[in-house]
Amino acid sequence: MKYYLIVGEASGDLHASNLMKALKEKDSEAEFRFFGGDLMLAVGGTRVKHYKELAYMGFIPVLMHLRTIFKNMDVCEQDILLWQPDVLILVDYPGFNLDVARYIKKHSSIPVYYYISPKIWAWKEWRIKRIKRDIDEMFSILPFEIDFYKKHNYPIHYIGNPCVDAVDTFKAHHLETFDSFIKENGLTDKPIIALLAGSRKQEIKDNLPVMIEAASVYTDKYQLVLAGAPSIEDSYYSQYIKVGVQLKIVHNQTYRLLQQSKAALVTSGTATLETCLFHVPQVVCYYTPLGKIIAFLKRHVLNVQFISLVNLIANKEVVKELVADKMTVGNIRSELCTILNDKNYRQNMLNEYDNIIRILGEPGASRKAAQQMVALLRK
């Protein structure tokens with residue numbers, strides 16, 4: 001069968017590539033065409049555009065690139081209709097994907113599946129109308145989404161979480177020591193505080209300077225190591241690193257870095273869950289220049305109490321969320337000091353991580369999703 005996939009960021013590339021591998025196991029004649037990244041390309045098929053050409057974040061960047069966004073959307077829609085896949089598989093990225101889904105449902109009979117649900121339970125719940133209209137099957141990776149969609153009389157498939165798969169596979173094939181990791185990357189023998197400042201330039205610009213300033217006071221006993229995003233050059237990071245700050249960058253090694261870290265400062269998103277799966281105590285940091293406005297929205301507009309996947313899955317505060325106006329140098333330093341030095345606090349967090357992992361279930365999300373997709377298509 002022919003599968004057309006659309007992703008809009010690095011995490012989507014990872015999860016879609018694992019899904020593609022699983023689809024090939026279930027369907028020996030699987031053909032792929034996609035808007036995606038290097039990991040998907042390594043699995044096989046034809047890449048129409050790289051997700052980097054789609055990834056605009058924030059109101060102003062989106063507004064400035066509207067013409068490009070609409071052009072990419074048009075290219076995508078026409079390419080799908082021309083290729084006539086057996087199914088269109090959308091991976092998160094709702095701003096782009098839901099518009100494509102609407103067009104495809106209006107102009108064809110191609111079934112549309114969604115792998116990794118848009119987070120409409122937190123924001124823009126009205127999108128449920130579009131999902132019920134344009135999406136034939138929803139494959140969820142977050143257990144609490146089952147009740148949300150049930151409330152709207154829209155049945156979904158919970159297939160486990162692909163982050164569990166990715167981390168489990170990584171751990172099985174990477175049994176390296178701390179000494180070998182620091183030697184390969186030119187690091188010292190001090191314990192590591194990892195900085196995960198996001199994968200987009202706007203996120204890095206907003207978060208990294210504050211994270212560095214907060215963590216720098218601990219460089220007498222720890223070393224700061226930044227997880228370099230795949231698409232970001234050192235020259236971009238360097239403008240936010242003050243002269244004299246002791247910080248190293250390791251590129252394309254986020255999992256290896258987390259495996260060797262004692263603590264982490266993490267921007268909200270998939271990275272918070274991955275940090276949990278590696279059992280690294282963390283502080284969730286997400287700054288925005290519109291801090292007071294976002295804080296107001298968080299209190300009065302957002303439908304959820306938390307923003308990090310760790311806390312959302314646990315349905316309580318497991319990790320401290322320093323968001324918007326709460327993300328200050330002082331607040332980060334205080335929480336980082338606690339997770340570094342308070343043994344009971346660290347252990348309680350790690351115990352809660354174990355509960356979250358139990359809630360998520362066993363590895364195998366990609367295989368389960370692929371099995372269900374192929375079965376549905378062969379009916």
Side-chain angles (χ1 to χ4, degrees), residues 5-18 34-42 47 49-62 65 68-69 72 91-97 116 118-119 141 161-163 166-167 170 194-212 224-241 247-259 261 264-278 280 282-289 307-310 323 327:
L5 298 94
I6 306 173
V7 312
E9 56 190 357
S11 62
D13 181 35
L14 171 64
H15 300 320
S17 68
N18 288 330
F34 52 88
F35 275 45
D38 298 336
L39 296 176
M40 295 170 73
L41 189 62
R47 183 172 67 195
K49 280 186 179 290
H50 200 290
Y51 69 79
K52 294 176 186 177
E53 298 181 53
L54 312 179
Y56 299 105
M57 178 185 175
F59 179 76
I60 299 301
V62 168
H65 294 91
T68 300
I69 293 169
N72 286 335
V91 183
D92 203 357
Y93 201 55
F96 188 94
N97 277 336
I116 305 180
K119 298 174 181 62
I141 65 168
N161 194 288
C163 287
V167 173
F170 175 87
L195 306 184
L196 280 63
S199 59
R200 299 185 180 100
K201 288 186 175 180
Q202 187 63 44
E203 285 181 320
I204 295 164
K205 175 179 178 292
D206 289 342
N207 290 284
L208 184 58
V210 183
M211 294 166 79
I212 293 175
L224 308 184
V225 183
L226 172 65
S231 57
I232 309 296
E233 301 293 330
D234 281 359
S235 57
Y236 184 80
Y237 288 115
S238 63
Q239 63 186 309
Y240 304 114
I241 303 172
L247 181 144
K248 292 280 289 188
I249 304 174
V250 297
H251 284 280
N252 305 319
Q253 300 181 63
T254 301
Y255 280 11
R256 292 182 69 200
L257 173 60
L258 285 173
Q259 193 174 44
S261 297
L265 303 182
V266 189
T267 57
S268 182
T270 304
T272 63
L273 182 56
E274 292 169 326
T275 303
C276 162
L277 293 171
F278 277 99
V280 181
Q282 64 182 297
V283 188
V284 176
C285 310
Y286 203 87
Y287 176 78
T288 170
I307 68 160
S308 69
L309 290 177
V310 173
V323 181
M327 183 181 162

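Worth saying up front: this structure is predicted, and the values here are computed from it rather than measured. The basis for the numbers below is simple: all heavy atoms, side chains too, and nothing from hydrogens, waters or symmetry mates.
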d(Lys201 NZ, Asp206 CG) to nearest 0.5 Å is 14.0 Å
Checking Asp13 side chain against Gly36 main chain: does a donor-acceptor pair fall under 3.5 Å? no
For Ala264 against Thr275, the heavy-atom pair lying closest together: CB-CG2, 4.1 Å
Heavy atoms only: give me the nearest Tyr51-Val7 pair and the separation to one decimal. CB-O, 3.7 Å
Is the shortest side-chain heavy-atom distance between Cys163 and Leu273 below 4.5 Å? yes
Within 6.0 Å of CD in Gln239, more than 12 heavy atoms from elsewhere: yes
Atom pair CD1/CG of Ile241 and Leu224 - distance to nearest 0.5 Å: 10.0 Å
Anything under 30° is parallel, anything over 60° is perpendicular, the rest tilted; go ahead and classify Phe96 against Phe35. tilted
Leu208 CG to Tyr237 OH distance, which is reported to the nearest 0.5 Å: 7.5 Å
Side chains of Asn161 and Leu309: closer than 4.5 Å at any heavy-atom pair? no
Glu274 versus Tyr255, closest heavy-atom pair with distance: OE2-OH, 2.8 Å
Roughly how far apart are Gln259 CD and Gln253 CD, rounded to 0.5 Å? 11.5 Å
